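In this chain, numbering begins with 1 at the start of the sequence shown. Computed from a predicted structure; not experimentally measured.
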Amino acid sequence: MLESKDIGRVVKELRGRLNLSQEELAARLGVSFATVNRWENEKIVPRGKAKEAILRLMEETGLDEDLIENSGGIGVNHKKRRRKYSKEDVLSTKSMEQMLWSAACSIRGEKDAPKFKDYILPLVFIKRLSDVFEDEVERLAETYGDKETALEVIEADHQLVRFYIPAEARWPVVSGREKFDWPEDRKPKTLGEQLTMTVRAIVKANPSLSGVIDIVDYNETRSGEREVSDAALSGVIEALSDPRYRLGLYDVEPDFLGRAYEYLLRKFAEGQGQSAGEFFTPTEVGWLMAYIMRPRQGEEVYDFACGSAGLLIKCELALQEREIKVQRPLKLYGQELTGSSYAIARMNMVIHDMEGEIVRGNSMTNPKFRDSDSSLKKFDIVVANPMWNQPFDPNVYENDPFDRFESQGGITTGKADWAWLQHATASLNTQGRAAIVLDTGAVTRGSGSKSEDREKKIRQWFVEQDWIEGVILLPENLFYNTTAAGIIITFNKAKPKARQGKIVLVNASREFKKGRPKNYIPEEGIRKIADAFIKGEDVEKFVKVITTAEAAENDFNLSPSRHVDVNEGENYRPIPEILEELEMLETRAATVDVDLQTIFTKLGFKK
């Protein structure tokens, strides 16, 4: 079998025998470059049709899998390409984090921690664009004979490259390693001014990046003082210019920008608490949601609180993992309230070459995706991690022009958890499905109470509609703004017949490993949870499938911990057995007493 422990070696050996780059092998197999990259770096294993295609290619090339497993050094005798694209060449997570932290340390103290990313990530993005541009120039130089000719051709036709980077905006110039002959009337007076000019030049050459990288003014002053000094900016640039941290086409994993964003959020959350971490969804939770949604080609996916667009991107990557050839990629739609997160989301989409639309605004009060009749646009999939227990003015619910609440179980009060779920299902088409992360209280509040509870009433309505497909209880201490456990609640408006009238409850509270400062779900745990949910069958101390009638009997308490006890049961011994053992112990004690008395008598001690 092609397991994670050998898939990287298999892919390297195939590329060596066929003399192919990762991109060329991807084209040969009909998959994306990102998928081959993740195979070779042992992040995922091929499944389904992709696995069959690799096995066929192994057979065609005479590659024996058992030989690979037992081989200490494969591919050493094959012809080498000009550039090696091995796991060792790809920037490791540790190295990426070291690069980012070095950059953050250069600027911290001058900006509040949560704002570091606003200044650092656009520079990381520019470095990535410049390094990719350099790779593309090198590729064209092989065709046209030399770098100078390649640059002349690119100047004449910018469409030959993904993004055209003007000469003054290329990283060697930004970092001061190459001189640029600035016109006297445009020569920047400060490094901050140069960086702002760099950003504007890139945006002018690539209008699609407007609002993506031009989100801060590196030369901004307030009360006569620079927001970020040239010295701090120089430190960031030097950290990113370290030759160990190249960010070209084959130097980083395709989702590196999202991981960089997540790392910086995580580091800031550690020191800043909720304000820095409230938009961060742990990576493993995002993958779990993508796997259980099982997106299909051409589907439209919506995240109404998209943050960095990580959940949307993981849905597309999950599709690429499962399908041998993605002819119709997902159409991704995201809305985000926070300006900096919105910009990062758009950067993330650009980096991944994914089709989608990211807009800015409050999805509760002003959802931007609408049909021609001004009703909410309907999607195939909705994934989201909105702010938990968020308060909204009751007028938002009572005067809703989209009829999201009254027609779907009623109006909630106080906490907006079920209002977000109502928004999610109102945004689904008749075959749609959703996965939303919320606080555990969303599936328990009001149950067992004699008084009327609006959340329980809404929950009851959803159960009676048979839209709730399942609830997954996550481990504690995963999220950076709380130590509390969360849940993933899933909906399906068109359940398959075998799942109709049923709700799958997964208690995954023990599927974690200890981390510092936060716990995490390992890869095997993600797969275990997703596979169990998709299978939808009882597993002792893990999964319980209940009927909607059983949900009603439990007063619509849908907490997995209520139905799935993961604690080890106490064993009680039979009383006669205990009495017999006590009698035996008493006999032994009497014997010991006699022996001790004999010893003390011989020593001259008497009672």
Side-chain angles (χ1 to χ4, degrees), residues 114-115 117-118 121-122 203 207-216 258 261 265 274-281 300-313 315 330-350 354-405 408 411-412 415-429 432 434 436-438 481:
K115 295 182 180 179
K117 64 184 186 304
D118 299 348
L121 285 175
V203 169
S208 65
L209 296 180
S210 177
V212 177
I213 57 176
D214 50 350
I215 56 177
V216 292
Y261 178 77
L265 271 181
Q274 182 171 346
S275 63
E278 63 187 23
F279 300 110
F280 175 69
T281 303
E300 295 185 317
V301 186
Y302 170 50
D303 183 344
F304 53 78
C306 71
S308 65
L311 296 181
L312 294 171
I313 288 167
C315 283
L330 301 178
K331 298 175 183 177
L332 307 176
Y333 300 83
Q335 184 162 338
E336 172 55 37
L337 176 62
T338 307
S340 57
S341 297
Y342 160 77
I344 299 299
R346 291 191 59 195
M347 281 188 215
N348 230 347
M349 298 290 283
V350 169
M354 290 185 180
E355 183 179 347
E357 182 179 355
I358 306 294
V359 298
R360 188 177 175 190
N362 188 320
S363 297
M364 184 66 77
T365 59
N366 185 23
K368 296 288 184 71
F369 294 106
R370 306 179 190 180
D371 285 332
S372 56
D373 61 356
S374 295
S375 63
L376 292 179
K377 178 176 173 60
K378 302 298 189 289
F379 300 92
D380 300 294
I381 296 175
V382 176
V383 289
N385 176 19
M387 186 184 295
W388 301 355
N389 303 320
Q390 188 176 7
F392 275 103
D393 187 324
N395 288 328
V396 172
Y397 309 134
E398 294 168 2
N399 303 307
D400 180 42
F402 306 103
D403 194 24
R404 292 171 288 180
F405 312 115
Q408 294 192 114
I411 293 174
T412 188
K415 300 175 177 64
D417 290 352
W418 275 94
W420 282 122
L421 295 174
Q422 289 167 313
H423 174 71
T425 52
S427 301
L428 289 175
N429 59 34
I436 312 296
V437 181
L438 286 173
N481 55 339

Exam field: side chain [X] to backbone [Y], donor-acceptor pair closer than 3.5 Å:
X      : Y      : answer
Gln335 : Val359 : no
Asp371 : Asp373 : no
Asp214 : Gly211 : yes
Asn348 : Ser308 : yes

Interatomic spacing from [atom1] in [X] to [atom2] in [Y] - rounded to 0.5 Å:
X      : Y      : atom1 : atom2 : answer
Asp417 : Trp388 : CG    : CH2   : 9.0 Å
Leu332 : Ile313 : CG    : CD1   : 7.5 Å
Ile344 : Ile358 : CD1   : CD1   : 12.0 Å
Arg346 : Ser208 : CZ    : OG    : 7.5 Å

Mind checking what makes ring-ring contact (aromatic ring centres under 6.0 Å, His included) contact with Tyr342, not counting sequence neighbours? none
If the condition is ring-ring contact (aromatic ring centres under 6.0 Å, His included), which residues does Phe405 pass it with, not counting sequence neighbours? Tyr397
How are the rings of Tyr302 and Phe379 set to each other: parallel, tilted or perpendicular (split at 30° and 60°)? parallel
Audit row: Leu311, Val437, side-chain contact (heavy atoms from CB on, under 4.5 Å) steps and yes/no: CA-CA 11 Å; Leu311 296 181; Val437 181; 5.8 Å; no
Scan for side chain to side chain donor-acceptor pair (under 3.5 Å) pairs involving residues 356-368, sequence neighbours excluded, and state none if there are none. Asn366-Arg370
Over all heavy atoms of both residues, which pair between [X] and [Y] is shortest? Give the atoms and the distance, please.
X      : Y      : result
Ala343 : Ile215 : CB-CG2, 3.3 Å
Asn385 : Thr281 : ND2-OG1, 2.8 Å
His423 : Pro367 : CE1-CB, 4.0 Å
Ala424 : Ile436 : CB-CD1, 4.0 Å
Ala345 : Cys306 : CB-SG, 4.4 Å

Let's go through Leu330 and Ile381 carefully: what are the C-alpha distance in whole Å and the side-chain angles of both, what is the deciding distance for side-chain contact (heavy atoms from CB on, under 4.5 Å) to 0.1 Å, and is it a yes or a no? CA-CA 10 Å; Leu330 301 178; Ile381 296 175; 5.8 Å; no
Please examine the side chains of Leu438 and Pro386, heavy atoms only from C-beta on, and report whether any two atoms are closer than 4.5 Å. yes
Sequence neighbours excluded, every pair satisfying salt bridge (charged side-chain N to carboxylate O under 4.0 Å, His left out) that has a member inside residues 381-402: Asp400-Arg404
Can you pull out every salt bridge (charged side-chain N to carboxylate O under 4.0 Å, His left out) where at least one residue sits in residues 374-387? Sequence neighbours excluded, please. Glu300-Lys377
Contacts of type side-chain hydrogen bond (donor to acceptor under 3.5 Å, both in side chains), residue Thr425, not counting sequence neighbours: Gln408
